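Not measured: the values here are computed from a predicted model. Naming convention: chains lettered A, B, ... in sequence-line order (proteins, then strands); numbering from 1 in each chain.
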There are 2 protein chains.
Amino acid sequence: MLAEVKINPREKIFLTATRMFRETGFSATSMRNISKELGIEAASLYSHIQSKEEILREICFRLAAEFFEVLQTLENSEEGPEEKLKTLITAHIKVLTRDTNASAVFLNEWRHLSEPFHSRFMDMRQKYEHAFRSILKEGIRLGKFKAADEKFMALTILSALNWTHTWYSPEGKMSPEQISDQLYSIILNGIKN
Amino acid sequence: MLAEVKINPREKIFLTATRMFRETGFSATSMRNISKELGIEAASLYSHIQSKEEILREICFRLAAEFFEVLQTLENSEEGPEEKLKTLITAHIKVLTRDTNASAVFLNEWRHLSEPFHSRFMDMRQKYEHAFRSILKEGIRLGKFKAADEKFMALTILSALNWTHTWYSPEGKMSPEQISDQLYSIILNGIKN
DNA sequence: CCTACCGATCGGTAGG
DNA sequence: CCTACCGATCGGTAGG
């Protein structure tokens with residue numbers, strides 16, 4: 001009962017800050033900007049959060065965790081590389097479109113993380129990229145995908161996926177599933193043997 | 001003779017600032033950071049430049065102009081949509097890889113432009129995107145490309161191209177031409193009918 | 001290119 | 001959640 005009282009303002013701060021970080025960038029958004037938007041004084045924010053960076057940290061690592069959950073489900077999968085790729089693309093787009101403000105911050109503002117969080121974040125990013133690459137490598141080995149530089153292919157695919165958050169809208173004409181289906185189709189045609 | 005003396009320090013400031021804007025972001029890079037890197041006092045920068053934003057403005061609009069030059073050459077072209085697409089992709093990658101620091105700033109920091117530059121920049125961006133779309137539309141009309149949402153296609157293609165600056169290196173194993181050939185091949189296979 | 005300095009604003013704390 | 005405030009730093013100017 002008592003704990004419940006404190007949950008709401010903290011979440012409100014996070015939602016507002018996330019949107020403002022997306023629009024203006026982490027560094028150019030001040031605590032006073034955020035507090036004004038919420039109709040309170042800047043000092044009052046600190047009853048609910050520890051620091052400005054705590055907000056950035058939570059956003060970045062919450063999304064990173066969601067992306068890693070996707071990898072987990074693939075780990076024991078018996079599917080072929082095409083199916084794995086489709087599963088990964090679908091899940092990736094699902095995470096990215098769920099909260100486009102958070103996605104934009106996750107993709108663009110992580111470099112403002114201080115150590116050791118900055119390094120930790122880059123490690124996770126690297127691991128995710130590698131999981132992507134290993135699916136492509138498997139496909140190449142099995143002769144399903146074109147024999148090309150799979151690092152180049154992985155980066156190209158990921159960049160195409162990671163642009164979705166800039167234009168996706170829940171009210172738009174494409175659902176997350178339709179987006180991933182189309183992307184998968186373009187990508188598979190682009191790389192298949 | 002006399003003018004020549006002033007050219008060099010200004011360019012040095014621009015090069016250093018561009019690199020630092022890319023690494024740390026425009027807002028988080030202070031004039032004192034830049035001056036320290038150059039071994040001078042912050043106040044001394046203002047003998048060569050007008051303001052911090054002038055640097056950002058020059059980078060963004062210089063690259064924008066280069067991208068528009070590409071469009072110009074295509075305007076009177078008699079090529080078909082596939083050839084036009086290939087020409088555009090090749091030129092786009094050429095511009096992006098020429099100075100990856102400037103490209104990163106151009107792509108990520110333009111939102112810190114103040115008015116009226118911010119609006120002007122977004123207009124140019126929009127126009128470029130439209131030129132891309134009209135090539136795709138022509139390809140669809142002629143039955144060369146798949147009948148899909150060409151806005152979606154254009155954004156997907158551009159995002160794949162616009163990631164190149166993050167990993168391209170002049171010392172790397174792929175030349176700009178090889179990169180654009182590979183990208184064109186993936187993209188064309190992905191969208192052709 | 002420097003010293004000296006401006007007003008504004010920053011993230012954050014003390015104490016209630 | 002507020003008032004009052006901290007030291008640090010910001011972009012930029014005056015004057016040489």
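Nearest nucleotide to the side chain of B:Ser44, out of D:dT3, D:dC5, C:dC1: C:dC1. If you check D:dC1, C:dG12, D:dG11 against the side chain of A:Tyr46, the one that comes closest is C:dG12. Candidate nucleotides C:dG12, C:dA4, D:dC2 were compared by shortest atom distance to the side chain of A:Ile40, and D:dC2 ranks first. Of the listed nucleotides (D:dT13, C:dC1, D:dC10), D:dC10 has the atom at the smallest distance from the side chain of B:Ser30.
Taking the six-membered ring wherever Trp is involved, the centroid distance between the rings of B:Phe21 and B:Phe14 does not fall below 6.0 Å. Taking the ring centroids of A:Trp167 and B:Phe152, they lie under the 6.0 Å cut-off.
A donor N or O paired with an acceptor N or O is found under 3.5 Å between the base of D:dC1 and the side-chain atoms of A:Ser47.
Dashed line: the shortest gap from a side-chain N or O of A:Ser51 to OP1 or OP2 of C:dG11 is not under 4.0 Å.
Note: NE2 (B:His112) to P (D:dG11) measures 12 Å, nearest angstrom. Atom CD in A:Glu41 sits roughly 14 Å away from atom P in C:dG11 (whole-Å rounding). Whole-Å rounding puts the A:Leu38 CG to D:dC2 P distance at 11 Å. Spacing between atom CG of B:Asn33 and atom C1' of D:dG12 amounts to 15 Å, rounded to whole angstrom units. Look at CE on A:Met31: it is 13 Å from C1' on C:dT13, rounded to the nearest Å. Straight-line distance from the CD atom of A:Glu54 to the P atom of C:dG12: 10 Å, rounded to whole Å. The interatomic distance linking A:Arg32 (CZ) with D:dC6 (P) rounds to 14 Å, in whole Å. Rounded to whole Å, the distance from CG on B:Leu45 to C1' on D:dG11 is 11 Å.
The nearest heavy atom of DNA chain C to B:Ala43 and to A:Ala43 marks one nucleotide each, and the one closer to the 5' end goes with B:Ala43.
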For a salt bridge (charged side-chain N to carboxylate O under 4.0 Å, His left out) check, start with the C-alpha distance between A:Arg98 and A:Glu66, then their side-chain angles and the critical distance, and finish with the verdict.
CA-CA 11 Å; A:Arg98 214 173 51 79; A:Glu66 288 181 36; 3.0 Å; yes
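Across all strands shown, D:dC10 pairs with C:dG7; the Watson-Crick or G-U wobble distances both stay below 3.5 Å. Under the Watson-Crick or G-U wobble criterion, with both distances below 3.5 Å, D:dG15 is paired with C:dC2.
Contact record, B:Thr97 with B:Tyr168: O-CE2, 3.4 Å, taken as the closest heavy-atom pair.
Nucleic acid contact class of A:Thr29 (heavy atoms, under 4.0 Å, all strands): sugar-phosphate only.
None of A:Phe67, A:Phe61, A:Tyr128, A:Phe26 except one satisfies the ring pair (Phe, Tyr, Trp, His ring centres under 6.0 Å) rule with A:Phe106; the exception is A:Phe67.
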